[in-house]
Amino acid sequence: MNLTIHRGTHEIGGSCVELRTTEAKILIDFGMPLDYDKRTPEEQEQIRCTAAEWCKEVDALFLSHAHADHYGLFELLPDNTPVYATEETFAVLALDGILGKDPTAHLKKCPIRGYQRYEIVGISVTAYPIDHSAYGACALLFEMEGKRVLYSGDVRLHGVKGKLYKYLPREVDYLLLEGTNIAREQYNTTERDVESQFINAFDNAPYALHLVWCSSKNIDRICALFRACLRRGKTLLIDPYTANVLAAVATINPKIPSATTTEQIKVYFPPRLTTRLTERNKEEYIYSLCPRENKVTYADISATPERYVMLVRPSVVEFLQKIEAKQIRFIKSIWSGYWDEPNTERFRRWVEANCEQLTDIHSSGHADITSLQHIVEFVQPKHLVPIHTDSPSRFTELFPNSNVIYLNDNEAIKI
Ligand SMILES: [Zn+2]
């Protein structure tokens with residue numbers, strides 16, 4: 001059997017791995033490089049052409065989680081390619097279709113459940129739920145031709161489900177381990193600490209309107225924010241896209257709060273977004289949120305800003321412009337790299353001009369060094385392969401008892 005990491009041996013994001021047996025060719029993740037939008041049109045075209053080659057005659061694709069640096073090139077996959085992912089991952093991806101395109105619409109969706117073994121094109125595959133900043137993330141075990149290969153996907157131990165790593169399979173032949181944070185010496189703040197920091201921020205300015213920028217797909221973070229709101233008697237306001245993501249996830253896991261199941265979450269409707277939904281005949285995504293009972297207007301917010309915490313995104317800036325509040329505070333709860341992206345410029349300028357204080361309350365979606373060492377100690381792989389990292393060479397020093405195998409992009413090895 002051959003293992004090839006097409007992209008990810010020296011890069012964070014844009015991951016794609018190929019396993020090829022005598023009978024089948026499978027891919028694991030098919031991501032877009034994180035800096036894709038900053039590349040020249042020629043480079044972008046090159047990325048797409050190369051990826052189109054990787055996915056030729058692919059028998060099945062396995063997706064670890066719903067982050068674009070793992071699924072962003074799905075549109076290049078041939079129609080009806082079987083794609084395997086958890087139910088939660090498919091639910092979140094389908095919501096991309098509200099405002100844009102469901103990246104899985106042309107594919108054959110095959111939901112898989114955690115800890116169940118599936119026989120697919122002669123390969124045994126098991127998904128292991130793990131903690132990451134994307135809901136429904138999993139590691140994937142592939143067993144074929146007498147070998148066991150475990151792909152970590154993106155993983156961390158400091159989230160609320162961090163202990164899940166203790167259910168990973170052990171003594172596998174190869175562990176492909178993400179190393180996003182391998183070059184950073186710092187420990188990660190836990191998601192529980194993040195919740196306390198939200199509470200502190202509210203307590204520091206009890207009469208302010210608090211805006212929190214966080215990914216609509218980071219369900220655990222939204223839950224942490226919601227718990228902080230509950231503890232300070234505030235109502236969490238979300239936009240229709242986020243509300244639909246929560247509602248979709250809540251149908252799978254009823255413990256997830258959503259606008260239609262709790263009084264403490266309400267919805268604000270940015271006109272730009274509702275117009276787009278109407279133009280696309282997607283009004284059901286508005287009506288399903290019961291706007292009669294759940295809608296909060298900018299006038300409501302202006303009247304009692306201290307009652308609310310708003311989850312915001314760059315695309316809602318026009319709605320924010322209409323709010324009149326004496327004191328607005330802004331919390332950035334997202335990877336800092338997004339702050340400087342070209343498409344956030346208007347939002348950034350509005351925040352800098354109108355918010356009296358900018359605070360970072362965030363914790364990485366990726367394991368710190370100690371956590372990575374815990375994973376390796378637990379799994380005890382026969383070979384360790386760095387992936388999703390810009391500093392693979394640190395693996396030897398940090399995992400002295402492991403047999404580290406260094407690969408280059410597109411280099412096939414026989415295993
Ligand atoms: Zn990720």
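Keep in mind it's a predicted model, so treat the numbers as computed, not measured. Order of listing sets the numbers, starting from 1, for every ligand and every atom in it.
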Candidate list Val245, Ile222, Val249, test side chain to side chain contact (heavy atoms under 4.5 Å, CB included), partner Ile256, passing option: Val249

Give every residue pair that meets the ring pair (Phe, Tyr, Trp, His ring centres under 6.0 Å) criterion with at least one member in residues 18-48, sequence neighbours excluded. none

Ring centroid separation Phe319 to Tyr268 under 6.0 Å: yes

Trp350 and Phe347 aromatic centres sub-6.0 Å: no

What protein N/O/S atoms lie closer than 2.8 Å to the Zn ion (ligand 1)? His65 NE2, His67 ND1, His132 NE2, Asp154 OD2

Given the options Val149, Asn2, Asp173, Ile415 meets side chain to side chain contact (heavy atoms under 4.5 Å, CB included) only with Val149

Give me the ring orientation class for Trp54 and His6: parallel if the planes are under 30° apart, tilted from 30 to 60°, perpendicular past 60°. parallel

